[in-house]
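We're numbering straight along the sequence, starting at 1.
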Amino acid sequence: MTLADKSFGVDRLIRLVSWILISFSLLTVFMTTPREGEFARGADEGYYFSYAMIVKEGGVAQFPALLRQHLSDKVAQLYPHPGRIGYVLLTAGWLSIFPDTFLSLARLSWFCFILFLLVSFWFSRKYFGERTACFYTVLLSVHPLLMTAGRRVLQDSMLNLFWALTLWLFLDFLIEKTRRQ
């Protein structure tokens, strides 16, 4: 058996173990998502849910009223601002397709967590190789804050996805531009 054959076997083992760990992490996040009655309705999750429902039912024209109400209520100002238009629109769109439940929005967070891991793996493999991408993605998949965000009705998983996508695409643009010159 040559060194190349051993290396190929090690790479396959690393890939297999990585995907098992990532799958276990994703399954853990999915299985530990709170039940419908366990979400924090009076906290950030409740505000995000209500913003999504108002925009789902009344459309984009509801944003000025949401903002006025938020600015006039001192208690509401302690919670997320409805001016997070991108997140509110995407959650309202999600609730147009899926059930109007907290659990449904938690599944959106989980879906964004999966996409975040896929984007991170794809770009890190492109620039740093498959072994590094596997290790990097495993580390991301078991990060406690990322896992928690993937099971709650919060904007964090979606933000992580779009930040990662933005940074990786910017890096991609810079590297491709350098290659073209």
Side-chain angles (χ1 to χ4, degrees), residues 21-34 36 38-56 59-60 62-64 66-67 69-71 76-128 132-133 135-175:
L21 291 172
I22 292 166
S23 298
F24 179 75
S25 175
L26 290 172
L27 190 60
T28 300
V29 171
F30 185 83
M31 298 301 290
T32 60
T33 300
E36 188 64 28
E38 297 172 342
F39 288 95
R41 294 174 189 274
D44 292 9
E45 291 180 315
Y47 279 81
Y48 286 131
F49 183 79
S50 67
Y51 297 155
M53 288 301 297
I54 290 168
V55 171
K56 175 193 169 211
V60 179
Q62 295 300 311
F63 278 108
L66 279 172
L67 290 167
Q69 190 276 333
H70 182 80
L71 294 174
Q77 290 177 18
L78 299 173
Y79 296 99
H81 192 278
R84 298 170 180 181
I85 295 172
Y87 179 72
V88 174
L89 285 174
L90 287 171
T91 55
W94 182 270
L95 291 178
S96 296
I97 300 168
F98 298 103
D100 299 343
T101 63
F102 280 85
L103 184 60
S104 177
L105 287 183
R107 294 296 184 237
L108 172 61
S109 292
W110 183 70
F111 181 67
C112 288
F113 180 53
I114 292 170
L115 291 179
F116 165 70
L117 293 177
L118 288 172
V119 164
S120 298
F121 175 78
W122 192 80
F123 279 103
S124 60
R125 183 182 67 185
K126 180 177 180 181
Y127 292 111
F128 304 112
T132 301
F135 287 133
Y136 176 63
T137 309
V138 166
L139 289 175
L140 289 175
S141 74
V142 298
H143 190 284
L145 291 175
L146 297 175
M147 290 177 73
T148 299
R151 59 191 212 66
R152 303 302 303 203
V153 180
L154 299 171
Q155 67 177 355
D156 299 322
S157 286
M158 194 177 291
L159 283 174
N160 290 335
L161 169 62
F162 286 114
W163 286 343
L165 198 53
T166 300
L167 290 172
W168 282 116
L169 287 172
F170 181 65
L171 177 67
D172 197 49
F173 168 77
L174 292 176
I175 290 174

Cut-off 3.5 Å, no hydrogens considered: what does the side-chain donor-acceptor table look like for residues 45-55, sequence neighbours left out?
residue, atom, partner, partner atom, Å
Glu45, OE1, Ala40, N, 2.8
Glu45, OE1, Arg152, NH2, 2.7
Glu45, OE2, Arg152, NE, 2.7
Glu45, OE2, Arg152, NH2, 3.3
Glu45, OE2, Val153, N, 2.9
Tyr48, OH, Arg84, NH1, 2.5
Ser50, OG, Gly46, O, 3.3
Ser50, OG, Tyr47, O, 3.0
Tyr51, OH, Pro80, O, 2.7

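- Leu105 CG to Met158 CE: the interatomic distance, rounded to the nearest 0.5 Å, is 8.5 Å.
- For His81, the ring-ring contact (aromatic ring centres under 6.0 Å, His included) criterion is met by His70, not counting sequence neighbours.
- Between Lys126 and Asp172, the shortest heavy-atom contact is NZ-OD1, 2.6 Å.
- In this view, Ser25 satisfies the side-chain hydrogen bond (donor to acceptor under 3.5 Å, both in side chains) rule with no residue, not counting sequence neighbours.
- Atom CG in Leu21 sits 11.5 Å away from atom OG1 in Thr137 (nearest 0.5 Å).
- Not a single side-chain hydrogen bond (donor to acceptor under 3.5 Å, both in side chains) links Trp168 to another residue, sequence neighbours left out.
- Phe135 meets the ring-ring contact (aromatic ring centres under 6.0 Å, His included) test with no other residue; sequence neighbours excluded.
- Every residue two or more places apart in sequence or in another chain that forms a side-chain contact (heavy atoms from CB on, under 4.5 Å) with Leu169 is listed here: Phe123, Leu165.
- Looking at Phe39 and Thr33, their side chains come closer than 4.5 Å, going by heavy atoms from C-beta outward.
- Within the structure, the side-chain hydrogen bond (donor to acceptor under 3.5 Å, both in side chains) test picks out the following pairs touching residues 87-97 (sequence neighbours left out): Trp94-Ser104.
- Here the CG atom belonging to Leu95 is positioned 10.0 Å from the CZ atom belonging to Phe102, to the nearest 0.5 angstrom.
- Each salt bridge (Lys or Arg N to Asp or Glu O under 4.0 Å) pair with one or both residues in residues 98-108, not counting sequence neighbours, appears once here: Lys56-Asp100.
- Contacts of Arg125 classified as side-chain contact (heavy atoms from CB on, under 4.5 Å), with partners at least two apart in sequence or in another chain: Phe121, Trp122, Glu130, Ala133.
- Across every non-hydrogen atom of Tyr136 and Ser120, the tightest pair is CE2-CB, 3.7 Å.
- Between Thr32 and Thr28 the shortest heavy-atom distance is OG1-O, 2.7 Å.
- In this structure, Ile22 CD1 and Leu139 CG are separated by 9.5 Å, a value rounded to the nearest 0.5 Å.
- Side chains of Asp44 and Leu154 form a contact here, defined as non-hydrogen atoms less than 4.5 Å apart.
- Here the shortest heavy-atom pairing between Gly83 and Leu67 reads N-CD2, 3.7 Å.
- Under a cut-off of 6.0 angstrom, the local environment of OH in Tyr127 is crowded, with over 12 non-hydrogen atoms contributed by other residues, nucleotides or ligands.
- Taken to the nearest 0.5 Å, the CG atom of Leu161 stands 13.0 Å off from the CD atom of Gln155.
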For residues 110-117, please give each side-chain donor-acceptor pair under 3.5 Å, one per line with the distance, not counting sequence neighbours.
residue, atom, partner, partner atom, Å
Trp110, NE1, Leu26, O, 3.0

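- Within the model, atoms CG of Leu146 and OG of Ser109 stand 12.0 Å from one another, a figure rounded to the nearest 0.5 Å.
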